[in-house]
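Residue numbers begin at 1 in each chain, while the letters A, B, ... track the order of the sequences.
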There are 2 protein chains.
Amino acid sequence: MDVQSVLLGFLMKKSMTGYDLKKAFSISFLFFSGLSYGSIYPALRKMENQGMISKRLEIQDGAPNRKVYTITEAGKRAFLDSLRSPFAFELPKSTFLMRLFFFAHLPPEERRAFARQHLDSIEQLRAQLESARPEVEAHADRFQYLCFQFGLRFYRDMSGYVSELIDTLGVEEIENGE
Amino acid sequence: MDVQSVLLGFLMKKSMTGYDLKKAFSISFLFFSGLSYGSIYPALRKMENQGMISKRLEIQDGAPNRKVYTITEAGKRAFLDSLRSPFAFELPKSTFLMRLFFFAHLPPEERRAFARQHLDSIEQLRAQLESARPEVEAHADRFQYLCFQFGLRFYRDMSGYVSELIDTLGVEEIENGE
DNA sequence: TTGACATATATCATCACGATATATATCGTC
DNA sequence: GACGATATATATCGTGATGATATATGTCAA
């Protein structure tokens with residue numbers, strides 16, 4: 001599932017502009033990483049050249065003209081193919097774990113401060129995600145709702161890991177008489 | 001924590017070649033995403049130009065010559081700075097969730113097949129990680145061991161999520177009389 | 001002896017990201 | 001009414017990560 005397939009997936013439902021696609025993605029995957037215009041517009045141009053989508057120019061008064069993209073039959077086939085393409089589990093990457101890996105180079109109080117800061121950002125994102133629940137319940141199909149629940153659980157568990165880490169860091173300092 | 005900082009982190013412990021660094025990273029972060037030569041060699045060249053590391057050529061008989069990199073005082077300062085630099089939580093990205101998001105376009109049996117396949121790859125990675133425990137226990141400091149435990153928990157929880165998803169998919173099919 | 005695997009370096013095309021630029025409209029507020 | 005923030009909408013640019021590939025040689029087992 002690359003950028004192209006995701007865009008096609010949204011276009012399966014309705015025709016949209018690049019701007020609309022960015023918004024749709026941000027709302028649907030607010031708990032996961034975003035999609036920038038630097039990826040969207042080049043992908044749209046490429047897919048148009050490949051005949052997967054067609055463009056309709058909507059002249060607007062005052063506001064910038066809209067370029068509304070519609071998925072073609074070839075695009076639909078490409079989307080379904082990519083949805084069925086062999087699936088490789090992707091190893092996640094975590095900047096926090098990279099820092100933890102080198103924690104020995106930091107004094108104890110800085111270690112704890114970092115862990116607390118990390119917990120704060122997780123909790124903040126979790127609250128943000130939780131507050132989006134009504135909108136998700138209103139618009140998502142049952143699989144999209146499952147995605148949302150995945151996200152919530154992920155943040156809940158991450159929060160748990162880091163809380164325990166903070167406890168561990170505290171105990172080690174007491175043991176060392178700090 | 002970008003590629004440069006991670007490489008500096010490993011070089012804090014001992015001098016190494018690009019090849020050694022790739023191996024060290026793969027072993028330490030076997031549960032998280034890798035680092036390719038296409039990132040390592042350009043980063044080493046750049047850091048050498050910036051005076052963060054110094055190079056020593058070791059002529060070898062037969063085998064390719066080794067370029068052994070050693071961290072400089074400037075490099076140590078840069079590493080500690082980056083370890084303390086403001087920390088932004090990075091949103092993870094999951095190809096599996098992207099597929100799940102569009103599951104409505106697939107027939108039920110393909111949905112289940114994908115979920116099972118995903119569970120298999122997670123379990124496989126988990127087993128692989130578990131089998132590395134002795135080596136980790138032998139070589140890692142306590143923070144690096146915490147990283148390892150983070151990894152194990154992550155895979156354990158992921159496995160739980162996907163197992164439940166498979167159950168959910170099964171129940172829905174029974175409800176629909178499939 | 002043949003093929004797989006380990007050592008070791010390096011580059012290349014592709015492409016995602018984040019920042020920035022350019023315009024206009026709207027909406028609240030001081 | 002002026003001002004600033006936010007929304008609509010397109011697009012490009014530099015930086016840099018990824019994965020594949022190229023190039024050599026040595027070793028070890030089938």
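Counting to the nearest Å, the P atom of D/dT12 and the CD1 atom of A/Ile40 are 14 Å from each other. In this structure, CG of B/Asn65 is placed 14 Å from C1' of D/dT23, rounded to the nearest angstrom. With rounding to whole Å, A/Leu35 atom CG is found 16 Å from D/dA11 atom P. Distance CG (A/Leu21) to C1' (D/dT10): 13 Å, rounded to an integer number of Å.
Ring geometry, A/Phe79 versus B/His105: the interplanar angle exceeds 60°, so the pair is classed perpendicular (tilted spans 30 to 60°). Aromatic ring pairs are classed by plane angle as parallel below 30°, tilted from 30° to 60° and perpendicular above 60°; the pair B/Phe154 and B/Phe32 is tilted. Classification of the B/Phe10-A/Phe101 ring pair by plane angle, with boundaries at 30° and 60°, yields tilted.
Taking 4.0 angstrom as the limit, A/Ser36 places none of its side-chain polar atoms (N or O) nearer than this to OP1 or OP2 of C/dA19. Residue A/Arg45 places at least one side-chain N or O under 4.0 Å from the OP1 or OP2 atom of D/dT12. One finds a side-chain N or O of A/Lys23 lying less than 4.0 angstrom from the OP1 or OP2 phosphate oxygen of D/dT8. For the OP1/OP2 pair of D/dG16 and a distance below 4.0 Å, the side-chain nitrogens and oxygens of B/Lys46 include at least one atom meeting the criterion.
Comparing A/Val3 and B/Tyr41 against DNA chain C, the residue whose closest nucleotide sits nearer the 5' end is B/Tyr41.
Within 4.0 Å of A/Lys22, counting heavy atoms only, lies no atom of the nucleic acid at all. B/Gly38 comes within 4.0 angstrom of a base, heavy atoms only.
For the residue pair B/Arg99 and A/Ser85, a side-chain donor N or O sits within less than 3.5 Å of a side-chain acceptor on the partner.
Listed nucleotides D/dT10, C/dC17, D/dT12 differ in distance to A/Tyr19; the shortest reach to its side chain belongs to D/dT10. Comparing C/dC17, C/dT9, D/dT12 against the side chain of B/Lys67 picks out C/dT9 as the nearest.
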